[in-house]
Structures are given as C-alpha cells and as structure tokens.
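Only this structure's heavy atoms are used, side chains among them; waters, hydrogens and symmetry mates stay out.
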There are 2 protein chains.
Amino acid sequence: MAVYTEVGDEALAGFLKGYDLGAPLSLKGIAEGVENSNYLLHAERGEFLLTLYEKRVDEADLPFFLGLMEHLAKRGVNCPQPVRGRGGAAIGRLAGRAAAIVTFLEGLSVRRPTVAHCGEVGEALARMHEAGADFQLKRRNALSIQGWPALFEAARGRANEVALGLASETERHLRELQAIWPENLPAGVIHADLFPDNVFFLGDKLSGLIDFYFACNDFLAYDLAICLNSWAFDEAAEFDLAKGRAMIDGYQSVRPLTAAEVKALPILARGAALRFMLTRLVDWLNVPAGALVKPKDPREYLEKLHFHAKVETARDYGWRA
Amino acid sequence: MAVYTEVGDEALAGFLKGYDLGAPLSLKGIAEGVENSNYLLHAERGEFLLTLYEKRVDEADLPFFLGLMEHLAKRGVNCPQPVRGRGGAAIGRLAGRAAAIVTFLEGLSVRRPTVAHCGEVGEALARMHEAGADFQLKRRNALSIQGWPALFEAARGRANEVALGLASETERHLRELQAIWPENLPAGVIHADLFPDNVFFLGDKLSGLIDFYFACNDFLAYDLAICLNSWAFDEAAEFDLAKGRAMIDGYQSVRPLTAAEVKALPILARGAALRFMLTRLVDWLNVPAGALVKPKDPREYLEKLHFHAKVETARDYGWRA
C-alpha cells in the first residue's frame, strides 16, 4: 500500500487545468503499487489513475514506461493508457513529483489463480510481446543476470540469517547460471513483473495488465519464466503441471516458442527464481523502521529455485511439442 | 491511511452474493479513515464504499452509526447511505470483520477552508441537527466532559514531554470546565468530528458529510464549537473572525441558537479544544512502532485552548444578534 505524497485540493485543481478532463470530482489515495503514490481520480470526463513517481523510479525511465503503455494500448493490449495534457505531454509535475494520469481499468486480481487464469495470462503475455515488437524506445533490464551479483553483495553478509547456508548456496546458483545463461534468444519488450497482482480479471476472463514499471528489453521467454514462477506454483510452493501447461499452451497459441527457447526454459525459470529471491532478500534485510510495506518472504523463491535446479527439460513445466 | 484487513477476490465475490449489486468489477483499498479498512468498490450496479470495522470501533455501536446515516440520508442530508443486503441487514461479515457497504459520495475535502466554506459547513451542520431530531437510537458521548479525566490520567505522567507545564495546565482547564460546564442546553445527535477531512465540496458548494463514527448524543452547540475549532483558525492557529461569523451565520440561517447556547459557546469551544488536545496527546504518547498513521500534534489544540480561555463572549467568535 502506498500514498507517500499527499495531494491537496488546490494543487489538484491547478494540475488538472493542464488537461482536458474537466473539474475534479473526487480523489482517493489507493493502496496499490509499492513504488509510487497512486490516486483514483474522478473528473468530469471520467475515471482515471493519478500516479506520483517517488524516488525509486528514475524519471529518465518514464518516457519508456508511459510510451510503452500508449504503444501497447494502441495495439489492442488492455492496459492503462496515458492521458496527454493540453500541451501533448504525458508527464507533468504535481506536489514536487513527476506525475501522470492514465485511464482506469476495471478488474480484480486473483488471489488463487486457476488453470484457466494461467492459460489467459500465457496468451496475454504473448500478445503483449507481439504488440511490443515495434516499440522504438529501449530500456536495459537492470535486474537481469548482470545485475544479480550486486544484489547478492548487498545481502551476502546477512543472508544466513534468513536461511541456513543461503550465502554459499546463492553463490553457487549464481556461478552456475552465469556459466549456462543463454545468448541470442528472441528478445524484445518484456513486462518483467507480471505477478497475479498485476493482472486483472472479470470472472475468468483476463481484463487487463497493469504496472509496467519494471518493463525492459530482455529475452521474451524470460518473461514467460517469470510468470511460471509467479502463477504456476501452489500455496505449498509445489509446481502445478496443469497450470504450467495451460500457461505455455496459452502463450504458444499466439507465439510458438523456438527450439532454443524451449531448451533454455529451465535455466530462465531458475534465473527468474533467483532474481526474485535476491530482491526480496535485500528488501527483507533492509526494512526501514515504520515501513508502510511488509516485505515478502524470500524463502518462497528459494523453494522455487530448488525446484528449478532439479528440472531437466521444459516438459517438466508442461511444455508439449 | 488505512487498509488493515485485506479482502481477496473470492471473499468479495462471496460477500456480494448477499447483496443485489451484481458482480464485482474492481476493489481498491483506499487511504481514508484511521479507524477502519476502507475499499472503493465498483460493482455492476454502481460505485460504493466497503468498510471493514477494525477493533477500535465497538460493533455494538454499528446499528447507531449506520442507522443514523440512513436516517439522515432519507431526510436530505447528503451522506453515505448504507446498502442493505438481500436479507435486509446493513451489517454483514467479511474477512472476519463486521462490514458494511455504503453509497459513494463525490467531492473533495478542502485543505485551506475559506469563509465561504465555513458558511456552508455551519448551514450543513444545522441541517444535520434538524434531520437527526427524530432519530430514535441513542449513543452516549464517551469523549465529552465525563470522559476527559480518564484521558488525562492516561497522558498525565508524560504530558510535560510535549509542552512545558502541560500536566498542571491541563488539570487546571479540566477543573475549571467541570465547574462551569453547562447543563440543559438543547441536545440531540451530533457529528462530533466534522473536521475538514470529513466534509466534501464540489467547487465552493458543500457536497456531502462523511465519517459518522464519532456521532453521539450531546449538546448541539458543542458540535458547532468543534467546527469553530477545526475550521475557523488559520494555519498560524489565529482565530479568523470572518470564518467564525460565516459559520455561525450559516448555522443560524437554519437553526437559531438559544440565548443559553450563545452564552455557553466560549465554554463549549474551550471544552472542544481540550477534548482534541487530550485525544491527540494520548495518541502522540502511544504511537506503536511501525504505525501506519502519523499522529497529529496536540500542541495545535493547546494553542486553541489558550485562545478560548481568553474569550469573553460569543461575539469573539463572530456571533451577532
């Protein structure tokens, strides 16, 4: 949950003068997103989401994020669409922060994804990859394999407080993955954080994708590997083959995986588990006093990492020729 | 800001089966109210506020609060209106909490009230008092003069950490007020917390009153005294006579004050300042580690208390015959 920066009525009215949305009717700070301050805004012209970007988001990345949402929305991906001000800009300033208004998406995130949900997500992910193919801006993935050693260094000294032998085990995974990480897989714009929180459904039908603030350029199949990690394990951290199969089938119904991608999938899935274990570990060890956000347990991803390390082929995730 | 209890998609869908609102379309935890968990709910039949009552609200009081909102709304007061379930109940259970759905009100609270806002609030307060006259349920004001000694005892030992000599000064105000507190003034249902946060405007027009969770039976003029405290001082804690006059004129345009109320107003205003100073002081001295809510500074109300102690007649608040 997050409202870090408060927006007063006068500041809002001033900000909205730069848009063609009519007068403000209501503004509610909402508990969504851990990186930014988000408000649900009612204006005379409809309902919108107002985001103030806090310090964890680099303002230089905003044209990529907002440009991507606009690009995807134009190509039929149901995602928040930036609203441009009268001067044509999608990014303004409010209460001392960079700020943007995007369209409001209906839908609910699911707490316990079903096989059907997983199929929908796989299909939507592939459609997003296709729609992003001709997006011109680039953003390096700072949280891909090149970024993991720095994360590990930030956590190494206290990693064993979280799980016995975690420091040496992590170092081993990191070295092994560095040795076998694939090159030259099909690449493009990936969401990089398509967890259940970031996908909306109405009933069993997927209604939208949100939170593109980790989006970047990387291997497309790495995005699928992230989704397998975040959607296809059950609550006891056991992999659910039916969910994995539905997700991969859904993905391939739009964009068939290449032979190289199929071969690399276990490595990518293991890497994705390591990435989320590492970022959670760093957050876990660095909770500020009085934090608004309860950190997520890194051990969930450690268990997933153990699973992936034993996987031999993509068939173990439900892939079928 | 507050979302203490999370509501999953399945729990929500189950809960809504008891209402005639159609399927859920979206649910956003909102940062409003410090006592409860609040969600903005979109359902097929419209937009609503879903509240889960946390432990600071006594469930036995809910029929009073929700019954009052329904009673007032029927008599033309623009306030959230409880939505009854199929079985006729306004109170249900969700995620282990008592829960209620009320209608959503458009409007924005004002950060810097103007004279015009104060006039609107005075008038709306009097209309609320008139509309509440025939409400049958009763609720004692636990935070009126009988409740202040217990609050003071909870803070006395550490009061001087907040302001020099605060313990002895507070004791003196308390004794003096006990000696002169009025009896037999016109009484009825009061809001008891009609601060700027709890009043919505669209432009300069008042559009609604919210948060009736301190409402109770007490002197009507005490409610006006609370509003004079919370609306008619400027940011330097100086009383603004034009605001006070507009508020009292607005109130009297609907319900003229009796001679006894006019005479008692300085005492009631001083008591109201002491009440908010005391509750803020207790909260200030008891902030839990990792608190989501930053406590408000009790010294703001100490300064107001100093002002009221020097006031001689209601004319000092802007009252005119």
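With values rounded to the nearest 0.5 angstrom, B/Leu27 atom CG is found 10.5 Å from A/Ile30 atom CD1. Note that CG of A/Leu108 is 8.5 Å distant from CG of B/Leu41, once rounded to the nearest 0.5 Å.
Only the side chain of A/Phe104 comes within less than 4.5 Å of a heavy atom in chain B; its backbone stays farther off. With a 4.5 angstrom heavy-atom cutoff, B/Glu47 touches chain A only via side-chain atoms. Only the side chain of B/Leu202 comes within less than 4.5 Å of a heavy atom in chain A; its backbone stays farther off. Heavy atoms of B/Leu40 lying under 4.5 Å from chain A belong exclusively to its side chain. Neither the backbone nor the side chain of B/Ser207 has a heavy atom closer than 4.5 Å to any heavy atom of chain A.
The 12-atom threshold is not exceeded at CD of A/Glu235, counting heavy atoms of other residues, nucleotides or ligands nearer than 6.0 Å. A 6.0 Å sphere centred on CZ of A/Arg112 holds no more than 12 heavy atoms belonging to other residues, nucleotides or ligands.
The pair A/Glu10-B/Arg111 does not count as a salt bridge, with every side-chain nitrogen at least 4.0 angstrom from each carboxylate oxygen.
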